[in-house]
Amino acid sequence: MTFQIKSIEQYHSVYQKSVEDPEGFWAEIASDFIWKKPWDTVLDWDFNHYKVKWFGGGKLNITESCLDRHALHKPNQPAIIWEANDPHEDSVTLTYKVLYERVCRFSNVLKKNGIGKGDRVCIYMPMIPELAIALLACARVGAIHSVVFGGFSAQSIADRINDSECKMVITTDGAQRGAKSIPMKETVDDALTSCPSVKKVIVATRTRNPVSMIKGRDVWWEEEIKHVTMDCPAEEMDAEDPLFILYTSGSTGKPKGVVHTCGGYMVYSTYTFQNVFQYHPGDVYFCTADIGWITGHSYIVYGPLASGAITMMFEGVPTYPDAGRFWDIIDKHKVNTFYTAPTAIRSLMGFGDEYLEGKDLSSLKVLGSVGEPINEEAWNWYNEKIGKFNCPIADTWWQTETGGIMISPIANITKTKPSFATLPLPGVQPILVDDQGEEIVGNGVNGNLCIKFPWPGIIRTTWGDHKRCQDTYFSIYKGLYFTGDGCQRDEDGYYKITGRVDDVINVSGHRIGTAEVENAINMHTGVVESAVVGYPHDIKGQGIYAYVICEEPPSDIHISKQDILMTVARIIGPIAKPDQIQFVTGLPKTRSGKIMRRVLRKVACNELDTLGDVSTLLNPEIVAELIEGKLKLD
Ligand code: WT7
């Protein structure tokens with residue numbers, strides 16, 4: 001743990017250095033990893049014609065920093081501790097040596113099945129150790145993984161596979177989540193009816209329910225690993241070669257494939273992991289995210305493993321068999337660091353304190369929160385009931401595009417404040433701007449959150465469409481990376497993220513584009529037009545509110561709503577199902593025909609006092625109908 005900050009004074013001086021001499025700052029951190037060849041230049045960049053290159057000329061394979069070095073120096077230390085969905089099933093510990101061997105073996109399986117450097121591999125799996133092994137094996141042979149979260153539909157998988165022309169899919173027969181058994185392979189089969197690029201499917205067994213296995217295309221994981229050795233040298237990668245693609249939603253169009261690269265991402269995810277959580281060798285660290293999201297990539301797999309940490313993987317859900325499951329896992333494995341999402345905290349808080357009875361939780365030292373703003377009530381409950389006023393809470397703000405944590409307390413060093421992400425990590429230069437892009441200086445201010453200088457984990461491109469990357473992130477405010485978030489900087493210079501300022505909503509920490517949901521609803525038979533907005537939701541943070549115009553008024557409103565939900569689940573996945581559907585005869589439009597989303601948001605949020613002037617609308621009379629319909633829903 002060579003680059004851990006140890007005091008607030010040191011934080012300030014290191015921060016200063018990171019601004020004055022960013023190249024020196026990052027070079028020192030990067031030197032703590034395994035490089036096959038050192039870099040020639042630390043940083044080349046241009047935010048106007050977006051281009052960023054970190055550790056140019058450097059050669060490496062991220063798995064050598066994550067596995068080889070630890071397998072050599074501490075072969076018997078646990079790397080991954082896996083906890084099954086069913087509390088009665090034995091947990092599994094993979095030591096660094098065993099993980100290394102399994103990754104090498106599976107790397108050879110990939111090679112044998114035609115996968116090599118630069119090939120794209122789609123991974124659609126539940127939270128089992130094979131998932132982490134699959135990611136690392138791709139990295140080892142230089143293939144680019146594209147993990148798709150298990151809550152996405154066949155159509156969403158197909159869209160992602162086709163966008164990056166994946167040659168292979170790695171999946172399982174099924175998944176076990178809570179009391180539910182979920183068919184994974186079947187969903188992949190449905191997706192593959194429209195994915196000509198996919199030549200091979202590797203299926204790991206988990207539930208062993210019957211699955212179709214197509215000759216020449218589908219093979220079993222367990223069978224394949226029998227026929228290869230566990231000797232697999234790591235492919236030499238350029239620092240700027242892509243490591244993975246992860247699709248995420250924006251305000252327009254289809255999800256974008258965010259591309260992260262081998263060198264910068266490795267340095268950034270590891271540096272932030274070690275600092276934010278102040279990880280000490282031997283600590284047991286438990287991040288509850290799914291590896292289908294960036295949090296799982298950076299803070300279950302790559303950051304912790306490159307740090308030689310003990311990282312947990314949990315297959316199940318927080319409420320199975322009951323709402324005390326997280327606390328049981330913490331006690332069972334003596335977890336020291338616990339990192340979860342506000343939506344989970346709010347949901348467990350809602351079940352009542354009886355699920356905390358008899359739980360010890362005294363192993364905990366550090367708590368983390370991620371994915372959405374954490375409200376004060378949830379923060380205080382987390383602090384009191386879980387942390388016992390004894391564990392700092394790191395409210396970590398970051399994004400799929402940033403690769404790692406950007407603004408966050410450093411555990412035990414930064415003084416925390418409920419619902420504040422507090423201060424930028426050294427190496428991160430936030431700036432608030434107004435809608436015209438003018439910098440808002442001083443404290444006690446609000447603005448659009450941008451970052452003015454690159455960091456090693458920054459998005460490199462959006463797969464197959466660099467212009468989209470430039471337009472989305474670097475063109476709205478000239479010379480700045482725009483996050484899409486609104487932000488307050490208080491009198492102490494502390495940052496509080498106030499939520500998205502674009503048409504992206506954050507439902508239970510899942511990022512969903514309103515346009516995507518609208519497109520899915522519009523595919524439903526009889527729907528003429530729809531508009532989707534977010535509204536405050538007690539547990540999920542934000543809920544999805546859909547206004548829908550049909551050709552004919554639905555004869556059975558309840559059934560029609562259920563049908564629409566099915567269509568959305570088919571097209572995107574169950575995570576994008578609207579929480580509220582209101583049938584309307586029109587949408588408020590400006591004279592130029594643009595939907596007035598502000599009015600829709602105000603009605604959905606019950607903020608009728610601040611509806612503002614609607615008289616300039618093309619159809620002002622529609623507003624009364626919207627309000628009346630909304631009241632009926634409540
Ligand atoms: C969006 C990014 C960060 C990994 C998981 C989500 C929101 C994230 C916080 C936080 C307030 C937060 C932002 C951001 N967000 N963390 N600590 N406080 N808001 O990654 O799916 O790319 O979503 O999540 O709105 O832009 P993502």
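Below, each value reflects all heavy atoms present in this structure, side chains not excepted, and no hydrogens, waters or symmetry copies. Both ligands and their constituent atoms are indexed starting at 1 by order of listing. Just so we're clear, the structure is a prediction, and the values are computed from it rather than from any experiment.
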Straight-line distance of [X] [atom1] to [Y] [atom2], nearest 0.5 Å:
X      : Y      : atom1 : atom2 : result
Phe338 : Tyr382 : CZ    : OH    : 5.0 Å
Trp381 : Ile374 : CH2   : CD1   : 10.5 Å
Asp241 : Arg460 : CG    : CZ    : 11.5 Å

[atom]: nearest protein contact (heavy atom, Å):
atom                    : result
atom 6 (C) of ligand 1  : Gly371 CA, 4.1 Å
atom 13 (C) of ligand 1 : Asp485 OD2, 3.2 Å
atom 2 (C) of ligand 1  : Trp398 O, 3.7 Å
atom 11 (C) of ligand 1 : Pro373 N, 3.1 Å

Pull out every atom of ligand 1 sitting under 4.0 Å from any heavy atom of [X], numbered as shown with elements.
X      : value
Val370 : 3 (C), 4 (C)
Thr400 : 20 (O), 21 (O), 22 (O), 27 (P)
Asn506 : 7 (C), 24 (O)
Ile497 : 11 (C), 19 (N)

Item to check | Proximity of Ile294 to ligand 1 by residue part, where a heavy atom lies under 4.0 Å | outcome: side chain
Item to check | Side chain, backbone, both or neither: Ile374 near ligand 1, heavy atoms under 4.0 Å | outcome: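 Neither part.
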So is there a nitrogen or oxygen of [X] less than 3.5 Å from a nitrogen or oxygen in ligand 1?
X      : result
Asp395 : yes
Thr295 : no
Gln399 : yes
Arg500 : yes

Next on the checklist: Is it true that Tyr247 and Ser164 share a donor-acceptor pair across their side chains at a distance under 3.5 Å?
Outcome noted: yes
Checklist entry - Taking the inter-plane angle between the rings of Tyr547 and Tyr545 on a 0 to 90° scale, is it parallel (under 30°), tilted (30 to 60°) or perpendicular (over 60°)? => result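 Tilted.
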Next on the checklist: Applying the side-chain contact (heavy atoms from CB on, under 4.5 Å) criterion to Phe286, which one of Thr337, Ile329, Ile81, Ile310 satisfies it?
Outcome noted: Ile329
Next on the checklist: Could you report the tightest heavy-atom contact between Ile170 and Ala134, atom names first, then the distance?
Outcome noted: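 Smallest interatomic distance, heavy atoms only, reads CD1-CB, 4.0 Å.
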Checklist entry - Does Lys496 NZ have over 12 foreign heavy atoms under 6.0 Å away? => result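 Enclosed: over 12 neighbouring heavy atoms sit under 6.0 Å from NZ of Lys496.
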Item to check | Exceeds 12 heavy-atom contacts within 6.0 angstrom, atom NZ of Lys417 | outcome: yes
Checklist outcome for this item: The option among Gln542, Glu372, Arg511 carrying the non-hydrogen atom nearest to atom 21 (O) of ligand 1 is Arg511
Checklist entry - Can you check whether Phe47 and Trp45 have ring centres sitting under 6.0 Å from each other? => result yes
